[in-house]
Visitor: 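Quick one: this structure, given as structure tokens, is what I'll be asking you about.
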Amino acid sequence: MLKKAAALLFAGLLGLFSINLTAFNAEEEPAAVTLLAGMGSHGAVDGFVSARFNLPMGLTGDGERLYIADTYNNLIRTADAEGEIGTLAGSVLGMDAYRFPKGDYKDGLIRMALLNRPVGLAADGQGQLFIADSENHVIRVIGKSKIATYSGKEAGHMDGTLKEARFNSPSALSFDKSGNLYVADTLNHCIRKISSEGDVTTIAGMPGQLGNLDGDGAEARFNCPSGIAVSEDGGRVYVSDSGNHCIRVIENGSVFTLTGVTAKTDEDGSPLGGFADGPAAEALFNLPRGLTLADGMLIVADSGNHRIRAIADGEVITLAGTGEPGAVNGEALSASFNMPSDVYAQNGVLYITDTVNNQIRQMPLVIQK
């Protein structure tokens, strides 16, 4: 079951406000999904719209630049205010047996450093970018000119100091305003916390034990968690529990399910996803992944449904996507995606890694109280 959940996860890949998505013009036309960059085919090319990616996944930003985990190129890419795509870190090596660039592990100068399937990204507000380097099982950090290993070594599970800690395919990161870093430790089926003092602890889940169970701390069970977002004060940690097709919350040390119903299973007993908007208690998701908070609204890259969803006022709605895989721009609910992996809101724009399309998409995001 573990291998199946991991394969599903990586293959091919309640706010208080009402929501009004409109284009930025006088007529207030419906929000439109447009292409920021990516020609659709695999590659590692910088530039503007004609740039190329290789199954990009993670996103974050610092208010000026957008950072993109170009996962299967083993690169960290950037997009500036004009939309120009550049390469920040990593190198493309030779091809593996599946004709994807080979990953590796090397700290040092950012353009000489080597990564292996980087997925999650988080900026600390102090000029540093943190990377969930999933197949190296470590958390890396980019400073002014170098990449260093921040925490982790080989695959495993261990709490303790930054050097002692072990992770297993970490895939999502998020900071709170106090500088604590939260980690979706995917194949340990746990949520970890790296304090601003450098102490690594497991705040929810039991390492190596997948399941679907609410409860306090170690009593809770997850199934390949792969998305994470944290309220500014750190009081609420939102988790995309991808293998269980639901969104979970950790609050005051206890885990509860915010939305997502997983009553149906396949012939092996693995949870089946679905699609339904409506009250949070009745909504359905399919391999939800990346999360971002925007003015009290939780936005979800609902990967298996090829949609962008949102949770607000106790309701789940679809922001964009028809549900059919495709690469169509235009009015949000008529646009199509192919397994979007992450979302990030910055400066009134929602950015989306449209993973299987090898594209970065965008749409205006206006939230009116």
Side-chain angles (χ1 to χ4, degrees), residues 8-15 19-23 30-36 38 40 55-59 172 226-227 229 238-248 258-262 264 271-294 297-345 349-367:
L8 280 171
L9 181 59
F10 290 106
L13 305 170
L14 297 157
I19 304 165
N20 183 18
L21 294 172
T22 62
V33 174
T34 59
L35 175 65
L36 175 67
L55 300 179
M57 295 187 184
L59 281 175
S226 65
Y238 298 90
V239 178
S240 279
D241 192 5
S242 300
N244 284 322
H245 312 289
C246 62
I247 308 299
R248 316 283 290 279
L258 178 65
T259 185
V261 180
T262 56
K264 294 183 179 180
L272 287 173
F275 171 74
D277 283 337
E282 301 172 10
L284 297 173
F285 293 82
N286 190 358
L287 293 175
R289 298 202 62 191
L291 301 174
T292 192
L293 287 163
M297 179 171 64
L298 183 68
I299 303 174
V300 184
D302 192 6
S303 180
N305 278 322
H306 313 291
R307 288 177 164 102
I308 306 303
R309 315 280 292 281
I311 306 164
D313 295 326
E315 295 281 323
V316 176
I317 65 171
T318 296
L319 297 184
T322 64
E324 294 297 323
V328 177
N329 292 313
E331 186 176 338
L333 294 178
S334 299
S336 59
F337 305 90
N338 197 340
M339 297 196 77
S341 286
D342 206 359
V343 285
Y344 186 75
V349 179
L350 182 67
Y351 296 96
I352 302 154
T353 46
D354 193 5
T355 299
V356 179
N357 282 327
N358 299 302
Q359 294 178 332
I360 309 302
R361 313 281 289 281
Q362 60 186 354
M363 61 186 292
L365 182 60
V366 177
I367 304 174

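Numbering starts at 1 and runs along the sequence shown. Values in this document were obtained by computation on a predicted structure and should not be read as measured data.
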Visitor: Report yes if some heavy atom in the side chain of Val343 is under 4.5 Å from a heavy atom in the side chain of Leu59; otherwise report no.
Guide: no
Visitor: In the structure I gave you, are the side-chain heavy atoms of Arg289 and Met57 within less than 4.5 Å of one another anywhere?
Guide: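 Yes - at least one pair of side-chain heavy atoms lies under 4.5 Å apart.
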Visitor: So which pairs with a foot in residues 353-362 pass salt bridge (Lys or Arg N to Asp or Glu O under 4.0 Å), sequence neighbours left out?
Guide: Asp354-Arg361
Visitor: Got a sec, which residues hit side chain to side chain contact (heavy atoms under 4.5 Å, CB included) with Thr322, two or more places apart in sequence or on another chain?
Guide: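 For Thr322, the residues satisfying side chain to side chain contact (heavy atoms under 4.5 Å, CB included) (neighbours in sequence not counted) are Glu324, Ser336.
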Visitor: My understanding is that only residues two or more places apart in sequence, or in another chain, count here; which of them pass side chain to side chain donor-acceptor pair (under 3.5 Å) with Thr34?
Guide: Gln362
Visitor: Find out whether Ile247 and Asp241 are in side-chain contact, i.e. whether some heavy atom of one side chain is under 4.5 Å from a heavy atom of the other.
Guide: no
Visitor: Given 3.5 Å as the limit, does a donor-acceptor pair link the side chain of His245 with the main chain of Gly260, or not?
Guide: no
Visitor: Report yes if some heavy atom in the side chain of Ile311 is under 4.5 Å from a heavy atom in the side chain of Leu258; otherwise report no.
Guide: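 The answer is yes, as the side chains (C-beta and beyond) meet within the 4.5 Å cut-off.
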Visitor: What heavy-atom pair brings Pro364 and Ala32 nearest, and what distance separates the two atoms?
Guide: CD-O, 3.4 Å
Visitor: What residues, two or more places apart in sequence or in another chain, satisfy salt bridge (charged side-chain N to carboxylate O under 4.0 Å, His left out) together with Asp342?
Guide: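 By the salt bridge (charged side-chain N to carboxylate O under 4.0 Å, His left out) rule, Asp342 matches no residue at all.
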Visitor: I'd like to check the side chain to side chain contact (heavy atoms under 4.5 Å, CB included) partners of Leu333; sequence neighbours left out, ordered by chain and number.
Guide: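 So Leu333 forms a side chain to side chain contact (heavy atoms under 4.5 Å, CB included) with Thr318.
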Visitor: Are the side chain of Asn286 and the backbone of Ser303 linked by a donor-acceptor contact shorter than 3.5 Å?
Guide: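 Such a contact is absent between Asn286 side chain and Ser303 backbone.
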Visitor: Which heavy atom of Met297 sits nearest a heavy atom of Ala310, and at what distance?
Guide: SD-CB, 3.6 Å
Visitor: Any side-chain heavy atom of Leu350 sitting closer than 4.5 Å to one from Ile299?
Guide: yes
Visitor: If you compare all heavy atoms of Gly330 against all heavy atoms of Ala335, which two are closest, and at what distance to 0.1 Å?
Guide: O-CB, 4.1 Å
Visitor: I want to check a possible cation-pi pair here: Arg307 against Phe275, using under 6.0 Å from ring centre and within 45° of the ring axis as the test.
Guide: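 Output yes; distance and angle both within limits.
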Visitor: Of all the heavy-atom pairs spanning Ala301 and Pro340, show the shortest one and how long it is.
Guide: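 Between these two residues, the closest heavy atoms are CB-O, 3.7 Å.
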Visitor: Within the side chain of Asn305, is there an N or O that forms a donor-acceptor pair under 3.5 Å with the backbone of Gly274?
Guide: yes
Visitor: Looking at CZ of Phe285 and CG of Asp302, how far apart are the two atoms once the value is rounded to the nearest 0.5 Å?
Guide: 6.0 Å
Visitor: Atom CG in Asn338, atom CG in Asn357: separation rounded to 0.5 Å?
Guide: 5.0 Å
Visitor: Which pairs, with at least one residue in residues 273-283 and sequence neighbours excluded, count as a salt bridge (Lys or Arg N to Asp or Glu O under 4.0 Å)?
Guide: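 Residue pairs with at least one partner in residues 273-283: Asp277-Arg309.
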Visitor: Please check: side-chain N/O of Thr292 versus main-chain N/O of Tyr344, any donor-acceptor pairing under 3.5 Å?
Guide: no
Visitor: Sequence neighbours excluded, which residues qualify as side chain to side chain contact (heavy atoms under 4.5 Å, CB included) partners of Leu284?
Guide: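 With neighbours one apart ignored, the set is Val261, Ala276.
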Visitor: Between Ser240 and Gly227 (side chain of the first, backbone of the second, donor and acceptor by atom type, cut-off under 3.5 Å), is there such a pair?
Guide: no
Visitor: Keeping the roles fixed (side chain from Asn358, backbone from Pro56), state whether a donor-acceptor pair exists under 3.5 Å.
Guide: no
Visitor: Are any side-chain N or O atoms of Ser242 and backbone N or O atoms of Pro288, one a donor and one an acceptor, separated by less than 3.5 Å?
Guide: yes
Visitor: Once you round to the nearest 0.5 Å, how far does CG of Leu287 lie from CG of Asn244?
Guide: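 Reported to 0.5 Å precision, the distance equals 10.5 Å.
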Visitor: Could you report the tightest heavy-atom contact between Ala280 and Val316, atom names first, then the distance?
Guide: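 That closest heavy-atom pairing would be CA-CG2, 4.1 Å.
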Visitor: The criterion is side chain to side chain contact (heavy atoms under 4.5 Å, CB included); which residues satisfy it with Ala320, sequence neighbours excluded?
Guide: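 Testing Ala320 for side chain to side chain contact (heavy atoms under 4.5 Å, CB included), a comparison that skips the adjacent residues, returns Val33, Ile308, Ala332, Phe337, Met363.
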Visitor: Could you tell me which non-hydrogen atom of Gln359 sits nearest to which non-hydrogen atom of Gly38, and how far apart they are?
Guide: NE2-O, 3.3 Å
